[in-house]
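Working notes for the structure below.
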Amino acid sequence: MEKKNKMLPFAALVTLSILLVSCGTSGTAVDTEAAVTTADTEAPATETEAFVPELPEADYGGAIFTFLNGNTGYTYCDIVVEEETGDVVYDTLFRRNMGVEEAYNIRFAEVSSKSIVNDALKSVQAGDNSYDVALMQCENALKLMLDNAAVDFAEIPYLNMDQPWWMQSAQETMSIDHRNFFALSMFDISHFETARVLFFNRTMTERYDLTSPYTLVDDGTWTLDKFREYALAAISDLDGDGTFTTADQYGFTAYANVGAPALMIGIEAPLTLSKDEDDMPLFDMENEYYFGRLNLLCDMLFCQDGFLNLGWSKGDTRSFEEGRCMFYINTLTTVNGMRDMTDEFGIIPTPKYDEAQAEYCNYGGSPFYMVVPPTTEDLSRTGAVLEMLAYTSVGVVDTAYYDVLLQGKISRDADTRRMLDLIFSTQIYQTPIAQKYVQTDLVDAYIWKNNTDFASYFAKKRNQIQKDIDEAVQAYQSNTQS
């Protein structure tokens with residue numbers, strides 16, 4: 001039975017954190033009182049007194065706490081780890097989970113799902129309480145919320161959603177009327193793995209005697225113009241046939257709906273809805289600000305043969321791995337497929353619009369959000385477990401992931417860890433509402449085909465976009481009033 005008047009003392013949380021790192025490879029225990037440095041670090045750089053969550057001292061009698069996991073394809077998609085195997089990340093997750101299990105006398109279980117929306121809805125509609133938390137990408141989480149199959153996180157006890165172990169940028173983007181029905185925390189690896197990053201060929205920048213992009217990032221001069229200049233410096237008709245094919249050397253490559261959204265976010269024009277003053281979704285891309293930046297992106301991508309490697313019509317990514325491309329945007333986890341590259345490479349933020357832009361902005365990608373079903377048996381237990389999982393991951397899970405990520409070819413690059421800190425501290429996410437019209441179709445049929453009649457496109461799609469917004473708002477209001 002939960003002891004409602006007792007809170008888990010700070011010493012117990014410190015013990016959990018020490019347990020997580022005591023068997024790690026770095027040999028350094030986490031300082032739980034230190035400011036978060038590699039999480040969704042929107043916290044100020046100055047030192048402040050650290051907030052420590054007050055969690056219940058409870059015994060849940062060996063209850064099974066089940067995750068329904070829609071993440072089945074990434075490198076570290078498992079939540080429940082049965083034993084330590086020597087993999088730094090999974091061993092860290094094992095120790096973190098074990099600490100929470102022992103603190104609350106629970107046992108974690110995991111059910112993988114390739115039909116996450118159907119499986120989650122089926123359980124809610126049957127009222128069978130088959131899972132405590134579901135993990136899914138935001139477009140699927142939105143579907144559950146619209147079907148009244150998700151709990152408002154404000155109703156879940158013990159969660160400190162304003163703390164840095166909860167991804168603040170994701171909350172701000174996904175909220176409606178300042179409420180969140182799905183959320184991200186430091187508990188999950190997917191917000192690392194799915195982040196969109198800009199890879200660059202270090203060997204190539206040295207060959208062409210170009211200033212290191214790291215220096216440009218540090219100086220605040222890594223802009224779209226510099227990106228264009230560097231990409232143009234690299235292009236080469238290697239076979240001399242006068243035509244650029246996949247055998248030649250390019251400036252940039254990416255999959256269409258990875259590269260274009262990331263570059264647009266970098267120049268502060270994300271392909272997503274905005275919010276009005278009441279935190280309700282708003283379509284405001286039909287203006288000269290967006291038209292100007294959309295045209296600028298197309299002008300750069302198609303300024304010369306060899307700048308953009310379209311390859312298979314949506315981006316030939318092999319050219320980067322084979323050392324025939326200067327820049328490449330993809331998910332961070334794709335670094336694992338680059339270990340055999342002959343050339344050296346690095347990771348940097350996407351470029352700014354110009355030097356006057358205050359900060360770099362980076363695409364947070366498509367991580368797996370937590371959704372709590374309304375059929376849950378004990379919201380108090382769910383809140384306590386989720387908060388402890390998130391809090392005790394800070395400085396531990398992120399460090400383990402960095403250590404694994406930086407092994408091998410890029411481990412010799414001391415700047416990469418600093419760049420990753422910058423990227424993860426400036427992440428921006430995109431709402432799934434009307435995503436088909438404001439991103440997917442726009443990129444595929446216009447940006448990636450150098451069709452710049454954006455005014456005509458938005459004029460044709462305006463009503464459909466508004467319909468999606470209205471349906472989401474109506475369903476949300478019906479949900480919250482029920």
Side-chain angles (χ1 to χ4, degrees), residues 35-46 138 162-175 183-186 188-200 212-227 254 258-275 293 297 327-333 335 346-367 369 394-395 397-399 401-402 405-406 413 415-431 439:
V36 178
T37 56
T38 55
D40 182 38
T41 47
E42 296 173 10
T46 55
C138 62
D162 59 343
Q163 294 302 311
W165 46 89
W166 291 93
M167 305 298 125
Q168 300 302 312
S169 178
Q171 288 188 88
E172 292 167 7
T173 301
M174 302 302 166
S175 67
L184 290 176
S185 83
M186 281 292 292
D188 183 45
I189 296 292
S190 73
H191 85 276
F192 291 113
E193 294 208 279
T194 66
R196 276 48 165 172
V197 298
L198 179 59
F199 298 97
F200 75 96
S212 170
Y214 293 138
T215 301
L216 300 179
V217 172
D218 291 337
D219 292 345
T221 57
W222 179 234
T223 64
L224 207 61
D225 283 343
K226 275 295 180 182
F227 176 74
V258 175
L263 288 171
M264 288 298 290
I265 279 178
I267 60 175
E268 296 189 319
L271 302 179
T272 190
L273 301 177
S274 297
K275 299 283 191 71
R293 280 163 168 73
L297 180 61
F327 296 108
Y328 171 43
I329 293 178
N330 209 335
T331 57
L332 183 55
T333 192
V335 72
I347 299 171
I348 52 176
T350 47
K352 298 190 295 184
Y353 177 72
D354 56 22
E355 293 183 27
Q357 184 173 315
E359 66 177 6
Y360 296 99
C361 302
N362 295 273
Y363 188 9
S366 51
Y369 289 77
V394 175
V397 171
D398 49 343
T399 298
Y401 186 74
Y402 274 27
L405 185 73
L406 297 175
D413 187 348
D415 292 301
T416 303
R417 184 181 292 269
R418 185 164 49 85
M419 292 295 112
L420 290 174
D421 285 344
L422 174 59
I423 288 168
F424 282 111
S425 69
T426 55
Q427 281 187 305
I428 292 175
Y429 297 87
Q430 299 191 161
T431 176
Q439 177 179 307

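Residue indices begin at 1 and follow the sequence shown.
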Has the side chain of [X] got a donor or acceptor atom that lies under 3.5 Å from a matching backbone atom of [Y]?
{"X": "T431", "Y": "L273", "value": "no"}
{"X": "Q357", "Y": "G266", "value": "yes"}
{"X": "K352", "Y": "G220", "value": "yes"}
{"X": "R196", "Y": "G364", "value": "no"}
{"X": "Q168", "Y": "W166", "value": "yes"}

Run L184 and M174 through side-chain contact (heavy atoms from CB on, under 4.5 Å) and show every step you take. CA-CA 10 Å; L184 290 176; M174 302 302 166; over 6 Å; no
Quick one: do the [X] and [Y] side chains pair a donor with an acceptor below 3.5 Å?
{"X": "N362", "Y": "T426", "value": "yes"}
{"X": "T221", "Y": "D219", "value": "no"}
{"X": "T272", "Y": "Q430", "value": "no"}
{"X": "T173", "Y": "K275", "value": "no"}
{"X": "Y402", "Y": "D421", "value": "yes"}

[atom2] on [Y] to [atom1] on [X], rounded to 0.5 Å:
{"X": "Y429", "Y": "M167", "atom1": "OH", "atom2": "CE", "result": "6.5 Å"}
{"X": "Y369", "Y": "S190", "atom1": "OH", "atom2": "OG", "result": "9.0 Å"}
{"X": "Y353", "Y": "C361", "atom1": "OH", "atom2": "SG", "result": "14.0 Å"}
{"X": "I347", "Y": "L420", "atom1": "CD1", "atom2": "CG", "result": "5.0 Å"}
{"X": "I423", "Y": "L332", "atom1": "CD1", "atom2": "CG", "result": "7.5 Å"}
{"X": "L297", "Y": "I267", "atom1": "CG", "atom2": "CD1", "result": "6.0 Å"}

May I ask you to test the [X]-[Y] pair for a side-chain heavy-atom distance under 4.5 Å?
{"X": "D218", "Y": "R418", "result": "yes"}
{"X": "W222", "Y": "P351", "result": "yes"}
{"X": "Q439", "Y": "P261", "result": "yes"}

Residue pair I329, F199: steps toward the side-chain contact (heavy atoms from CB on, under 4.5 Å) verdict: CA-CA 6 Å; I329 293 178; F199 298 97; over 6 Å; no
Can the ring centroids of F192 and F424 be said to lie less than 6.0 angstrom from one another?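 Ring-ring flag for F192/F424: true, centres closer than 6.0 Å.
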F327/F227 aromatic ring centres below 6.0 Å: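 Yes, ring centres under 6.0 Å apart.
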Identify the heavy atoms of [X] and [Y] that sit nearest to each other, and give their distance.
{"X": "Y360", "Y": "L216", "result": "OH-O, 3.5 Å"}
{"X": "P349", "Y": "L422", "result": "CG-CD2, 3.6 Å"}
{"X": "A262", "Y": "T350", "result": "O-OG1, 3.7 Å"}

Decide side-chain contact (heavy atoms from CB on, under 4.5 Å) for I428 and Y363; before the verdict, give the C-alpha distance in whole Å, the side-chain angles of both, and the deciding distance to 0.1 Å. CA-CA 5 Å; I428 292 175; Y363 188 9; over 6 Å; no
Can you spot which of V197, L198, V217 makes a side-chain contact (heavy atoms from CB on, under 4.5 Å) with M419?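 In the set V197, L198, V217, the residue that makes a side-chain contact (heavy atoms from CB on, under 4.5 Å) with M419 is V217.
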